[in-house]
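Step one of this worksheet: look at the structure below.
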Amino acid sequence: MEWKAKYPTNSYIYANIFIMKKKYKWGILAPGKMSAKFTGGLKLLKNVELYAVGSRDLIRAKQFAEEFGFKKFYGSYEELVNDKEVDVIYIASPHSHHFEHTMLCLKNRKAVICEKAFALNSREVKAMISEAEKQKVFLMEALWPSFQPIYRKTKEILLGGEPGRIIHLNARFSFQAPYNPSDRKFNLELGGGSLLDIGIYPLIDALYFIGVPSEVIAKASFAASGAEDTISIILGYDSGLMATLFSSFRTAGGIGCDLLCENGNLFFSRARDMSQRLNVAMNGKENIEYSLLPDGMGYQFEAMEVMKCLDEGKLQSDIVPHSFSLNLMNTLDRIRQSAGIVFPERD
């Protein structure tokens, strides 16, 4: 049996109906592939004004602004954050620069949604959260999975009780990437390695569905640049529950998560185009498959949450609160320590 979901782009999928109060002027800090994907989601929303782009390269900022229809472009990040008309800024610079750029925005009282990984370590994340609270400015990590319909459908089924208790979680994200020591994926100075780039997604699965582990064991292999390119992780919980996580740039293993439960299993996956599938296999019953390919690759849901929070005067999201981002980074720190992953001059 297959069930295909379709969510209207402008519907607010976390509540029944939410009507935005104002049109927000968005800024993009560091135009690139991720910013292009996120902007594709922004363009689907009626309460968004594509306002300004900031880059260290003026020509690049101009090209991005013209391609996507932004009104202004700047050749520095400082000019972007000093534009008084900008309401909220999306940050998509390399992991190594998230802390610096988030702090720049917050100190200039700009609301921020920053790509994962939020920073390079929990010390930096704590400082970012502290600054947001000090300035009374909204801050959220752009954790794509938490806003997706399939992810939320899985949680709904689990809370309904039919699958019973989760016994084991297995999650993975891997693809083959050509080795290039200067590419951000393999450059330690940019926070390179599969863990922060794609391994963070299996860890999000574990934290979202079963919580913070009491024990972490990790083993990694390293590229010639010193960046980790493959990592396997075991998470242990006081309840006896365990999770196994895997990420790699060396094998095309795909993207997915298996939730093995007392009364059946739930398997969800997605492709690089963000098409999502959930297979529900309850013991003794016919399998049910849910599938969805969201408009805008699903990035509009993150933007909708940011603007909903701004409308309500919130400084953080209930869906991705500061505490979740801090737990995520604390666990990433523990994984890196176990696997021997070190970022020079930052750890």
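Bear in mind the structure is a predicted one, so any value in this text is a computation, not a measurement.
In terms of hydrophobic clustering, with Ile, Leu, Val, Met, Phe, Trp and Tyr side chains grouped at heavy-atom distances under 4.5 Å, Tyr179 and Ile198 are assigned to a common cluster. In terms of hydrophobic clustering, with Ile, Leu, Val, Met, Phe, Trp and Tyr side chains grouped at heavy-atom distances under 4.5 Å, Met282 and Phe267 are assigned to different clusters. Hydrophobic cluster membership is shared by Val53 and Leu50, with clusters built from Ile, Leu, Val, Met, Phe, Trp and Tyr side chains linked at under 4.5 angstrom. Both Phe38 and Met274 belong to a common hydrophobic cluster when Ile, Leu, Val, Met, Phe, Trp and Tyr are linked at side-chain heavy-atom distances under 4.5 angstrom. The cluster map of Ile, Leu, Val, Met, Phe, Trp and Tyr, joined by side-chain heavy atoms under 4.5 Å apart, puts Leu190 and Ile231 in different clusters.
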- Residue pair Tyr151, Phe301: steps toward the ring-ring contact (aromatic ring centres under 6.0 Å, His included) verdict: CA-CA 13 Å; Tyr151 220 69; Phe301 300 133; over 10 Å; no

- Query: How far apart are the C-alpha atoms of Val86 and Lys25, what are their side-chain angles, what is the distance that settles it, and do they pass the side-chain contact (heavy atoms from CB on, under 4.5 Å) test?
  - Reply: CA-CA 5 Å; Val86 174; Lys25 294 181 178 180; 5.7 Å; no

- Verify side-chain contact (heavy atoms from CB on, under 4.5 Å) between Thr251 and Phe246, making sure each step is shown before the conclusion. CA-CA 11 Å; Thr251 179; Phe246 176 77; 4.0 Å; yes

- Task: Please report the C-alpha distance between Phe209 and Ile204 in whole Å, then the side-chain angles of each, then the deciding distance to 0.1 Å, and finally whether the side-chain contact (heavy atoms from CB on, under 4.5 Å) criterion is met.
- Result: CA-CA 8 Å; Phe209 290 108; Ile204 292 168; over 6 Å; no

- Task: Apply the test side-chain contact (heavy atoms from CB on, under 4.5 Å) to residues Cys261 and Leu158: give CA-CA distance (whole Å), side-chain angles for both, the deciding distance (0.1 Å), then the verdict.
- Result: CA-CA 9 Å; Cys261 306; Leu158 289 168; 4.1 Å; yes

- Show the numbers, then the answer: is there a salt bridge (Lys or Arg N to Asp or Glu O under 4.0 Å) between Lys285 and Glu162? CA-CA 12 Å; Lys285 293 186 177 182; Glu162 184 179 9; 2.6 Å; yes

- Check step by step if salt bridge (Lys or Arg N to Asp or Glu O under 4.0 Å) holds for Arg172 and Asp258. CA-CA 9 Å; Arg172 62 215 160 271; Asp258 307 331; 3.3 Å; yes

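A side-chain donor-acceptor contact under 3.5 Å links Gln316 to the backbone of His322. Under the 3.5 Å distance criterion, the side-chain polar atoms of Tyr290 are left unmatched by any main-chain donor or acceptor of Thr154. Using a distance-only test at 3.5 Å, with no hydrogens or angles considered, no donor-acceptor pair links the side chain of Glu305 to the main chain of Phe147. The backbone N or O of Asn327 lies less than 3.5 Å from a partner atom in the side chain of Thr331, making a donor-acceptor pair. Distance alone, capped at 3.5 Å, is enough to place a donor-acceptor pair between the Arg346 side chain and the Ser96 backbone. Between the side chain of Trp144 and the main chain of Met297, a donor-acceptor pair closer than 3.5 Å is present.
Atom-to-atom distance recorded for His98:NE2 and Glu141:CD is 9.0 Å, nearest 0.5 angstrom. Here the straight-line distance linking atom CG of Asp238 with atom OG of Ser214 works out to 4.0 Å at 0.5 Å rounding. The distance from atom CD1 of Ile255 to atom CZ of Phe268, rounded to the nearest 0.5 Å, is 11.0 Å. Put simply, CG on Leu235 and CG on Leu241 are 9.0 Å apart, with the number rounded to the nearest 0.5 Å. If you take CG on Asp205 and OG on Ser146, they are separated by 9.0 Å, rounding to the nearest 0.5 Å. Taking CE of Met128 as the start and CG of Leu326 as the end, the distance is 10.5 Å to the nearest 0.5 Å.
Here the closest heavy-atom approach between residue Ser55 and residue Pro31 is recorded as CB-CD, 3.6 Å. Annotation for Val137 and Lys110: closest pair CG1-O, 3.1 Å, computed over non-hydrogen atoms. The two atoms that bring Ser35 and Ala92 nearest to each other are OG-CB, 3.3 Å, heavy atoms only. Taking every heavy atom of both residues into account, Ala127 and Phe99 meet most closely at CB-CE1, 3.7 Å. Nearest heavy-atom pair across Cys105 and Val112 is CB-CG2, 3.4 Å. Scanning both residues, Ala119 and Glu124, for their nearest heavy atoms gives CB-OE1, 3.4 Å.
Under a cutoff of 6.0 Å and an axis angle of 45°, Arg270 and Tyr201 form a cation-pi pair. Judged by the 6.0 Å and 45° rule, Lys43 forms no cation-pi pair with Phe68. Lys22 forms a cation-pi arrangement with Tyr24, by the criterion of a distance under 6.0 Å to the ring centre and an angle within 45° of the ring axis.
Remark: Glu131 does not engage Lys107 in a salt bridge, criterion side-chain N to carboxylate O under 4.0 Å. The pair Lys71-Glu85 does not count as a salt bridge, with every side-chain nitrogen at least 4.0 angstrom from each carboxylate oxygen. Salt-bridge formation is not detected for the pair Asp311/Lys308: no Lys NZ or Arg NE/NH1/NH2 atom is positioned less than 4.0 Å from an Asp or Glu carboxylate oxygen. Contact check on Asp229 versus Lys185 returns no salt bridge, with no Lys/Arg side-chain nitrogen under 4.0 Å from an Asp/Glu carboxylate oxygen. The existence of a salt bridge linking Arg123 and Asp333 is excluded, since no basic side-chain nitrogen approaches an acidic carboxylate oxygen closer than 4.0 Å.
Within a 6.0 Å radius of CZ in Arg250, no more than 12 heavy atoms belonging to other residues, nucleotides or ligands are found. Enclosure of atom CD in Glu79 by more than 12 non-hydrogen atoms of other residues, nucleotides or ligands within 6.0 angstrom is indicated. Annotation for Ile59: atom CD1 does not count as buried by contact number, only 12 or fewer foreign heavy atoms lying within 6.0 Å. Within a 6.0 Å sphere centred on NZ of Lys155, heavy atoms belonging to other residues, nucleotides or ligands number more than 12. A 6.0 Å sphere centred on CD of Gln337 holds no more than 12 heavy atoms belonging to other residues, nucleotides or ligands. By the neighbour-count criterion of 12 heavy atoms within 6.0 Å, atom NZ of Lys62 is sparsely surrounded, having that number or fewer from other residues, nucleotides or ligands.
Side-chain contact check for Phe138 versus Val88: every heavy-atom pair is 4.5 Å or farther apart. Side-chain atoms of Pro145 and Tyr208, non-hydrogen and from C-beta on, never get closer than 4.5 Å to each other. Using a 4.5 Å cut-off on side-chain heavy atoms (C-beta onward), Tyr299 and Tyr90 make no contact. By the 4.5 Å heavy-atom criterion applied to side chains, Arg277 and Asn279 are not counted as neighbours. Counting heavy atoms from C-beta outward, Ile234 and Met242 have side chains that approach closer than 4.5 Å. With a 4.5 Å cut-off on side-chain heavy atoms, Ile167 and Glu262 count as touching. At least one side-chain heavy atom of Leu207 sits under 4.5 Å from a side-chain heavy atom of Val212. Looking at Ile89 and His101, their side chains never come closer than 4.5 Å, going by heavy atoms from C-beta outward.
Between the side chains of Ser174 and Ser248, no donor-acceptor pair is found at a separation under 3.5 Å.
When each of Phe173, Phe222, Phe186 is tested with Phe249 by the rule ring-ring contact (aromatic ring centres under 6.0 Å, His included), just one qualifies, namely Phe186.
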